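Model, not experiment: these values are computed from the prediction.
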Amino acid sequence: MSAPVLALDNIEKSFGALRVTQGVSLDVRPGEVHALIGPNGAGKTTLVAQIAGALRPDSGRIRFRDRDVTGLGVAARARLGLGRVFQLSNVVGTFTALENVAVAIVAAGDRPFGPWQPALRDPALGDEAAAALARVGLADRAETRASDLSHGERRALELAMSLVQDPKLLLLDEPMAGTGRAEGERLTELLLSLKGRVPMLLVEHDMGTVFRLADRITVLIYGSVAVTGAPDAVRADPVVRKAYLGEEEAV
Amino acid sequence: MAQSVPTPRRAAGVRLALHPAVVGVLGFAAALAIAHAGGSVYGATLVARTALLALAAVSLSFLIGQAGLVSFGHAAPLGIGAYVVLIAGEYGVTEMLVVLPLGFAAAALFSVATGAVALRTRGVYFIMITLAFAQMIYYVAASLSAFGGDDGMAIAARSTLFGLRLLKSDTGLAMLAVALLGLALFGLDRLIASRYGLMLRAGRANEAKLQALGLDPYRHRLIALAIGGGLAGVAGVLLANQVEYVSPATMNWHVSGELIVMVVLGGTGRLAGAVLGAVAVTLLDETLGHFTEHWKLGLGLVIVAVVLLRGADLKALLRGGAA
Amino acid sequence: MTTALFVSQLLNGLQLGVILFLVAAGLTLVFGVMDFINLAHGVQYMLGAYLVAVLTAWTGSFAAGLLLGLVGALVLGFVLEVLVFRHLTRRDHLEQVLGTFGVILIVTELVRILFGSAPLAFPTPAVFAGSVTLLPGLNYPVWRLVILVVGLAVAVLLWYLVNRTRLGMLVRAGSTHPETVSALGVDIDRLFLVVFAFGAMLAGLAGAMAGPLVSVEPTMGDRILIVAFVVVVIGGIGSIKGAFVSALVVGLVDTLGRAFAPDLLKVLVGKSAAAAAGPALSSMLIYLLMAVVLSVRPSGLFGGRSA
Amino acid sequence: MPPAMPSVPNRILLAAAVALLPGATVLPASAVADPLKIGFVSTLSGPSAPLGVHMRDGFQLAVKELGGKLGGQPVEVIVVDDELKPDVAVTKVRALLDRDKVDLVAGVVFSNVMMAIQKPVLESETFLISGNAGPSPLAGKGCSPFFFSASYQNDQNHEVMGKYAQDKGYKRVVLMTPNYQAGKDSMAGFKRHFKGEVVEEIFTQLGQLDFSAELAKIAAANPDALFTFMPGGMGVNLTKQFAQAGLAGKVPFLSAFTVDETTLPATQDAAVGLLSGAEWAPSIDTPENKAFVAAYEKEYGVVPSLYAAQGYDAAKLIDGALRQAGGKVSDKQAFRKALAAAPFKSVRGTFAFNTNGFPIQDFYVVKAVKRPDGKFATAVETKVFEKAKDAYAGDCKLK
């Protein structure tokens, strides 16, 4: 088996006396979907921030594509191929869907200072952006302002923005949050279509989606890893059942 | 602004004719022509002054509205441009074709040097650190006793253009100012729509996302500061020529504040808004100032009214009225 | 002799610092709680000085004038908040800057129409006139000591209010987690009204304290406003502690800079160069300080949130 | 052309005169009936506004007393606020010259504004009558036949205090001025006649609020006297803090443009006894001055300052010159000759023009006093210079 795309090694992070991340180690292998679950307050958001580069761990190392990226910032990690879909949809609201995708293409290294001409009138850029929108089913929404898109559409747009960057890993932070049933279903289909091509680290509350998509699941409780394993093994794990799934079912 | 590909394109001619740069230039040119026909020298003075203030406001609007960099120190590059005219003049350099690029370069250099530090901060902190740098250069200028110190100094003569004294009359100066304003509007508009502009605007609207997409807009912003500061320097070169006097008062924070007022009054979304703001403020000064010593009361009332009305949800008001 | 000079300069710096603190405290609270930039805060400082000056002359007693003046400043704070500021709180920072700039123009001009441009008389209250001997060779004006005491008392009071009361807890929470405060079911508009009016009163108190020292005229708030912003930003927006520390630092740096920088320069670079550069340097010292602080700590000394 | 008689309705006479001129028909008819226009430039906003208000009020008082006419001519005074910003002033003055077509420009409190506007005004060969500012270039090399000062040359009031300190036998003096050109000129002016030791030259920030650091330094230096130049609000700040620091009565306070009737209403008792150099004071005992002071107090409710007196004199000077020149300024040679003769009774008493257009006049040390009616004013302490000329007239090539 080839080396993992992403590997966390013994990550520690504290805010004052509160240890929010305690010795977390996990990895994402090429082609797999690795889900990260855990009850509220388990420290998922903090961990995602550390993986993305927005927060720096107190100790431990993060390797991405065989490079130690522990000291790199968000932009540098993104340039290495870490694509991110935010928990709260994060697109440029005042831009059209097409412009958003164009931003992603240019940011990924398509001559960010570009020639002296309107960016979107450059067919090379415009056509690529339009194609990316078509791939996520937003072809007819290209001219709509992102703030006017529905929740699910914005997620799809965000995904399109990640995909044009040819990501080596997708960091999906609760993609299903706030989407309706039909939209969620469409999004899951979309992710399933990507499965095997792009490795993903999926942080998600919706257990249905997690068990449909994930190859492996890591359960985070109180900032540390309770268990990592295949979906069936995790489902059967008594610790998880008690601490997490039980609670989830109760809700 | 950036119109996207699949929209049906308007005929290039129509688009060009409706371009704010063209409209602006034509508007100023018409004003100038009317003033000229009416034999009003002061009309030309007013057009020159309004156009150069509009240029300064447009350069600030580019920073605020497009790059998201609210500079409270824009009087500094403006004043630097003015001082370039004075200092170059003292060394015998009075050719506009030399002074103008020099003014641009000096102001851009200042903006980049201070911007490199200022860009470490965000929001209100950025506003205040730009003010701090502007205050410092203000005190530096006030201590240049060879150039009039706090009082400032008259420039030896207005700049020449192509070695000719084309700018001696305010009409000539006004034409140059209007032409430069048009060029700036046109050039900045192109820039905003370019890939660079796209990144700049994305960084203003959502920096976190841009970072996550792999682009740190620091360099883009630094370049924006150079361009915005440089254009303010050009406006300063024109200002020194219009007034024929250069003093540190140009760099006072009041001037920075007035430029912000022009930009915000006209709306930050479009560069042309800054032109409207500059025209509005100059005209208010011109008309109210003639009626009453307390004209600033009127200006204040207009400003507060504009801000409050713009904030009111007009649709809701109309609905409420209909119900 | 030199010690006396140094001690008196220290006191001068601290006294300037507490005046700045009184102005900056309201500014930073309003900034912090509502994310609201109020350029018109300097106007409230000016109004405080005018109210107390006029009411002191009218009642013939400084104590009565001060009390009534502070109530007046509070009321004016309420009025301005209801008329203008409350409509600006959820707006873009730039709209706030523009709107409050308009308020400066209006209020300044109204004061000029009512009282004229000429400075108003604001004599030192007779009880506090003159100076006392603190050390051999060190006579110090009583009024400046009064300012020092009042400023420190207000600082203690504010510390208590912010750290030990429910209102203070809300203010603190509001400055870092505004959504939490609304979630607690607190009427954030009313909280803002209270904080705003209180800040206006503190600015008014600062104006009244400064009145016997400076020229009481319509534009007196302009200059203090910029310095107060410097204080707020160095201290970190929303932090009372930051405002206090940075006000004292700015007061000391400004005063000691003016007192000793020219002499220090003379030693370092020679007399003629010092004569040229000294005054310019001491004028820009606080701005230099701000630039250095912000380049090292982009959110000020005690700033948690970059606004 | 017949000289305009004050008793004859001028408009008709002027209309007749103009109609007789060749080419007069091309003039718009309205220009004939237009009153004489005077652009009055003053600082009316910001912390220095009180100076400008006094100067303007003095000028307008004179116009009012003369029935809205100067030299028998109906006048329109267009007052503009220069905001103490040279670029604003230039633009507004261009408007006065080009749009309003003023016949004369008068006023100007501050020298930087004067230096900025003198160029467009004088280049258009329009007469400029200073109501206050008297920068040295205009008195010396840059003098102009179209410039006249109804005030003083900037250095002179400082020279007065230098001479006074010298006469008093002061040995050690501290000088303190704001850090700008006028401040440096002030020190130079003081030192022109003072030969003792200058212990320290303190430069403060322009618009400084707090003088505690400087006052502590002065107290420590313990000089024979302090000389200072703190115009406007700075003067109020300094005077109040000087008294509080307990220095009043210990260190003689010699000043220029610091203690005057624009600041005394604010400083009141704190200023009493402080000295200042001036060419005028309300106490000068001439009939013209008594009438002026009384009328000014009646009209505006405050004691006039030297700025008010200069404004008043400027109007009287224009009035007198217009009378001599036949009610018009268009014959520039004649009007210049009339102005140079200073055909008016100054509230200062003696007043004549030097070749450079600056006055030859007496200078006094004045002292702030509380008058019996409770108002504060300055009063002549001693005369220092008699019929003094400024130091730059020699550089002026005008005859």
For this session: Measure the shortest side-chain to side-chain distance between C:Val97 and B:Val264 over non-hydrogen atoms and say whether it is less than 4.5 angstrom.
Result: no
Problem set entry | Interatomic distance, B:Met128 atom CE to C:Phe229 atom CZ [nearest 0.5 angstrom] | 6.0 Å
For this session: Below 4.5 Å from any heavy atom of chain B, which atoms of C:Phe101 appear? Answer side chain, backbone, both or neither.
Result: side chain
Exercise. What distance separates C:Leu88 CG from B:Leu308 CG, expressed to the nearest 0.5 Å?
Worked result: 5.5 Å
Problem set entry | Winner by heavy-atom pair count (cut-off under 4.5 Å) against chain B, out of C:Val230, C:Asp222, C:Thr108, C:Val293 | C:Asp222
Seminar exercise, completed: When the 4.5 angstrom heavy-atom criterion is applied to B:Phe133 and chain C, the contacting part is side chain
Problem set entry | Contact origin within B:Thr268 toward chain C - heavy atom pairs under 4.5 Å | side chain
Problem set entry | Under 4.5 Å from any heavy atom of chain C - which part of B:Val140 | both
Exercise. Do you know the tightest heavy-atom contact between C:Ser295 and B:Val117?
Worked result: CB-CG1, 3.2 Å
Exercise. Which bit of B:Val70 comes within less than 4.5 Å of chain C, counting heavy atoms only: side chain, backbone, both or neither?
Worked result: side chain
Seminar exercise, completed: What one should report as the nearest heavy-atom pair of B:Thr121 and C:Leu294 is CG2-O, 3.7 Å
Seminar exercise, completed: So CG of C:Leu288 and OH of B:Tyr139: to nearest 0.5 Å the spacing works out to 12.5 Å
Problem set entry | Nearest-0.5 Å distance that lies between atom CG in C:Leu105 and atom CG in B:Leu299 | 5.5 Å
For this session: Find the distance between CG (C:Leu94) and CG (B:Leu265) and round it off to the nearest 0.5 Å.
Result: 12.0 Å
Exercise. Under the side-chain contact (heavy atoms from CB on, under 4.5 Å) criterion, do B:Leu297 and C:Ile113 qualify, and how do the steps go?
Worked result: CA-CA 10 Å; B:Leu297 180 63; C:Ile113 291 170; 4.0 Å; yes
Problem set entry | Atom pair CZ/OH of C:Arg297 and B:Tyr125 - distance to nearest 0.5 Å | 10.0 Å
Problem set entry | Minimum heavy-atom distance between C:Val296 and B:Arg120, given as atom pair plus value | O-NH2, 4.1 Å
Exercise. C:Ile106 versus chain B, heavy atoms under 4.5 Å apart: side chain, backbone, both or neither?
Worked result: both
Exercise. Relative to chain B, which segment of C:Val292 carries a heavy atom at a distance below 4.5 Å: side chain, backbone, both, or neither?
Worked result: neither
